[in-house]
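What follows is a single structure, written as structure tokens, with notes after it.
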2 protein chains.
Amino acid sequence: MNSIAYIIDDDSAVRDALQWLLQSRGVQCQAWDSADAFLASATNELFGCCLLDVRMPGMSGVELFDRMRSIQCQLPVIFLTGHGDVPMAVKALKDGAFDFVEKPYDDNALVDKVLAAFAHDERRIARAESVNLVRQQLAQLTQREHEVMQRILAGKLNKVIADELGIAMRTVEVHRSHIFEKMQVRSAVELSQRLATLGDTGAT
Amino acid sequence: MNSIAYIIDDDSAVRDALQWLLQSRGVQCQAWDSADAFLASATNELFGCCLLDVRMPGMSGVELFDRMRSIQCQLPVIFLTGHGDVPMAVKALKDGAFDFVEKPYDDNALVDKVLAAFAHDERRIARAESVNLVRQQLAQLTQREHEVMQRILAGKLNKVIADELGIAMRTVEVHRSHIFEKMQVRSAVELSQRLATLGDTGAT
DNA sequence: CTCACTATTGTGGATATCCGCAAACGGCCA
DNA sequence: TGGCCGTTTGCGGATATCCACAATAGTGAG
């Protein structure tokens, strides 16, 4: 899995300069001259980070950022801007942008930021994968199994669960066994821990 | 528990204006004319948010921010600055500042930000309290109980735990019982869930 | 209609967990 | 030295969990 810096800027000189800089440091790049072009060609699984010009004809960088988030693209975004605008920077960062850099940028600092964004994205992907695994396992559970699991996680005894659902204890045991099998755990404790990963946001 | 806006600014005109604005909206305030004065008089339990001038004689707002974090003061900080400085805003936000506002500020917007910071701090306090409770309970456990608990959370059977620790199963059962009592849970599942709150960062 | 899946229940036994009752040993404090 | 705490262990019983074997029933797909 290779990290790629996705450059979106309408100015070909800027694109070329960024590509030259990053590639000279061993960073793979892909460049687009508009937000629309980027969205059209690469909406699927991306990995790395985005270098996004704030001011562009057509869809602005900020709009593209919103659009990406609305289609579940969580790629870290480094904004590039020519005119220092504090409120815009603040809003972008509070909305989850990874960084906000003024042009002219310092080459070394920018490369560092890209690498930091790469590292950030690697952690994000790792988290997303483990969360996805759990989601897939949860999706395999039947409705009844969900009802039972929920009560297991509430620490209830099979007997109590059976009473609540109006079924025999033996049936609960069977469901319980199926749940453990599908979730690939061997105890209620492991089940609880596996599901705990869903709630975690994993800060930093 | 009342939220308070802690204003730190060397300019008395700014302090007065902020106090007037916030108090007219029903927000309680306390003001200091320097970072040192603030640190000296109010290092303990604060609740609400900080309005911090970036540029001040002596310790700057940014330095005060670092200092606060280093002494475990997690009060949300809203920076106020006269001269738009994007890199500084970006750094502050990436370091965990709540907001970064340029002067002259918009009254309504600033009040909104303060209220948002209050809400943020309320959530932080709530999280911290539940985490503290768990930490206190954990502190009550003896060394041996910790060893047993760790293995319970690994999903191990009493029998296995006994073997690993070289003690009788009955002893493990006793420890187990004490652990549950001290942690105020009634099953390994609840124990696991209670400890899961420690790992959570609770984003947003 | 038959097959696969889900839900349901029973019997009976092997394990595990939970607990009260009892007790022994070492360390620390008054 | 006696009490308190932590650690240890045993006995025995009440519950609970885990599972193989076996069976009934409804539902949707092919």
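Note on naming: letters A, B, ... go to the chains in the order of the sequence lines (proteins, then strands), and numbering restarts at 1 for each one. These numbers come from the heavy atoms of this one structure, side chains and all, not from hydrogens, waters or symmetry mates.
Distances were taken from every side-chain heavy atom of B:I167 (C-beta onward) to each of C:dT9, D:dT8, D:dG10; the shortest belongs to D:dT8. Of the candidates C:dT8, C:dT17, D:dT7, D:dT7 carries the atom nearest the B:H175 side chain, counting heavy atoms from C-beta on. Among the nucleotides C:dT17, D:dT17, D:dG6, the one closest to the side chain of B:M169 is C:dT17. Distance from the side chain of B:L157 is smallest to C:dT17 among D:dG6, C:dT6, C:dT17.
Shown here is A:R55, whose CZ atom has no more than 12 heavy atoms of other residues, nucleotides or ligands within 6.0 Å.
The shortest distance between the side-chain N/O atoms of B:T171 and the OP1/OP2 oxygens of D:dT7 is not below 4.0 Å. Within the 4.0 Å cut-off from OP1 or OP2 of D:dA16, not a single side-chain nitrogen or oxygen of A:N158 is found. In terms of phosphate contacts, B:T142 brings a side-chain nitrogen or oxygen within less than 4.0 Å of OP1 or OP2 of D:dT7. An OP1 or OP2 oxygen of C:dC5 is reached within less than 4.0 angstrom by no side-chain nitrogen or oxygen of A:H178.
The structure places CD1 of B:I167 at 4.5 Å from NE2 of B:H175, a figure rounded to the nearest 0.5 Å.
Per the geometry, NZ belonging to A:K159 stands 14 Å off P belonging to D:dA14, to the nearest Å. Rounded to a whole Å, the NE2 atom of B:H146 is 14 Å from the C1' atom of D:dG6. The nearest whole Å value for the distance from the CD atom in B:E173 to the C1' atom in C:dC21 is 14 Å. Across the protein-nucleic acid pair, A:I161 atom CD1 and C:dT8 atom P stand 13 Å apart, rounded to whole Å. Taking atom CD of residue A:E190 and atom C1' of nucleotide D:dT17, one finds them 15 Å apart after rounding to whole Å. The CG atom of B:L165 sits 12 Å away from the C1' atom of D:dT7 (whole-angstrom rounding). A straight line from CG of B:D163 to P of D:dT8 spans 14 Å, rounded to a whole angstrom. As a whole-Å value, the separation of A:E181 CD from D:dC19 P is 10 Å.
At a cut-off of 3.5 angstrom, the base of C:dT11 holds at least one donor-acceptor pair with the side chain of A:R170.
In terms of position along DNA chain D, the nucleotide closest to B:G166 lies nearer the 5' end than the nucleotide closest to the other residue of the pair B:G166 and A:R176. Of the two residues near DNA chain D, A:F180 and A:V174, the one whose nearest nucleotide lies more 5' is A:F180.
Between A:V134 and A:L195, some side-chain heavy-atom pair lies under the 4.5 Å cut-off. Between B:C49 and B:D121 the shortest side-chain heavy-atom distance does not fall below 4.5 Å.
Between A:K103 and A:D9 there is a salt bridge, since a side-chain N of the basic residue sits under 4.0 Å from a carboxylate O of the acidic one.
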